[in-house]
Amino acid sequence: MALTRKHWQPPFDTWPRWMCPICQAGTLTVAKDGVKSTETGPSAKAREHESWDPHWIESQFVATFVCANGECGEVVVCCGKSTFDVTFDYDHLGNIEQGWQEVFIPSFFSPPLHFFLIPPECPDEVAQEISRAFAAAWSDLGSAANRTRSAVEALLTERKVPKTTINKNRKRVGIKLHDRIVRFRSQDAEGAAYLEAVKWLGNTGSHSAQELSLDDILDGFEVFEHALHHIYVQRDRVIKRIAKEMTRRKGRPKPRRKSKLRKN
Ligand SMILES: [Zn+2]
């Protein structure tokens with residue numbers, strides 16, 4: 001399923017329909033009186049300035065959401081900064097009316113939101129790393145990129161791609177992520193191509209976090225989601241189909257196809 005970009009690109013003037021990170025089925029709705037903003041001291045002081053307008057307002061907010069799935073009812077708390085954006089509307093005479101609307105820039109969610117649904121077939125150690133990347137994405141893009149890279153490392157370890165090797169001097173040394181991905185190609189060339197794309201994001205995260213954009217992170221999440229489906233979900237379905245077929249045949253050998261004889 002494609003990632004809905006606008007759900008992850010603040011500032012928000014309305015709250016997106018985020019998926020509950022616990023049941024991964026219900027959507028989150030704002031609790032009654034769930035959003036509280038408090039204007040900062042410098043912002044309140046700035047109101048005395050002659051050219052002040054609501055653009056200058058800066059607040060810290062706390063928002064509480066509840067999962068709409070009655071069987072879940074999980075509570076998610078979010079905090080961050082809010083400001084005001086100008087809005088335009090028409091009055092009853094058709095004249096343009098200017099207004100102001102509070103917009104929210106979250107920096108933290110507890111528990112962290114999932115930018116995409118982690119498939120149940122995904123091993124825990126990989127899911128944990130990607131959840132950490134989700135948590136960091138709101139406040140620290142470099143850290144989100146590094147966590148995504150760690151998720152790739154965890155996935156390769158789970159797929160039994162070695163982490164270390166013996167070098168010429170008979171010393172045990174670590175294998176670079178790129179070389180691990182190259183080794184994974186013999187097991188799954190398509191999966192390795194997805195992981196290589198995500199790896200570049202990690203490289204940027206380590207060396208020049210300021211060059212990263214939220215869009216880069218969202219691209220990385222999107223490719224990683226695809227990789228998880230390719231590596232775990234599709235493979236799982238194939239194994240289940242083979243197992244079912246074997247059980248159905250109760251150990252009898254697979255009937256061989258008769259080769260067609262060419263007429264003429
Ligand atoms: Zn829920």
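Just so you know, ligand 1 is whichever comes first in the structure, and atom 1 is the first atom listed for that ligand.
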Any donor-acceptor N/O pair, S43 side chain to E58 backbone, under 3.5 Å: yes
W15 and F65 aromatic centres sub-6.0 Å: yes
Check: R17/T4 side-chain N/O donor and acceptor closer than 3.5 Å: no
Taking every non-hydrogen atom, the tightest pair across Y232 and L155: OH-CG, 3.5 Å
Co-members of F108 in a cluster of I, L, V, M, F, W and Y side chains, linked at under 4.5 Å: none
Within the 6.0 Å centroid threshold, strictly below: W56 and H49: yes
Distance criterion under 2.8 Å: protein N/O/S atoms around the Zn ion (ligand 1): 4
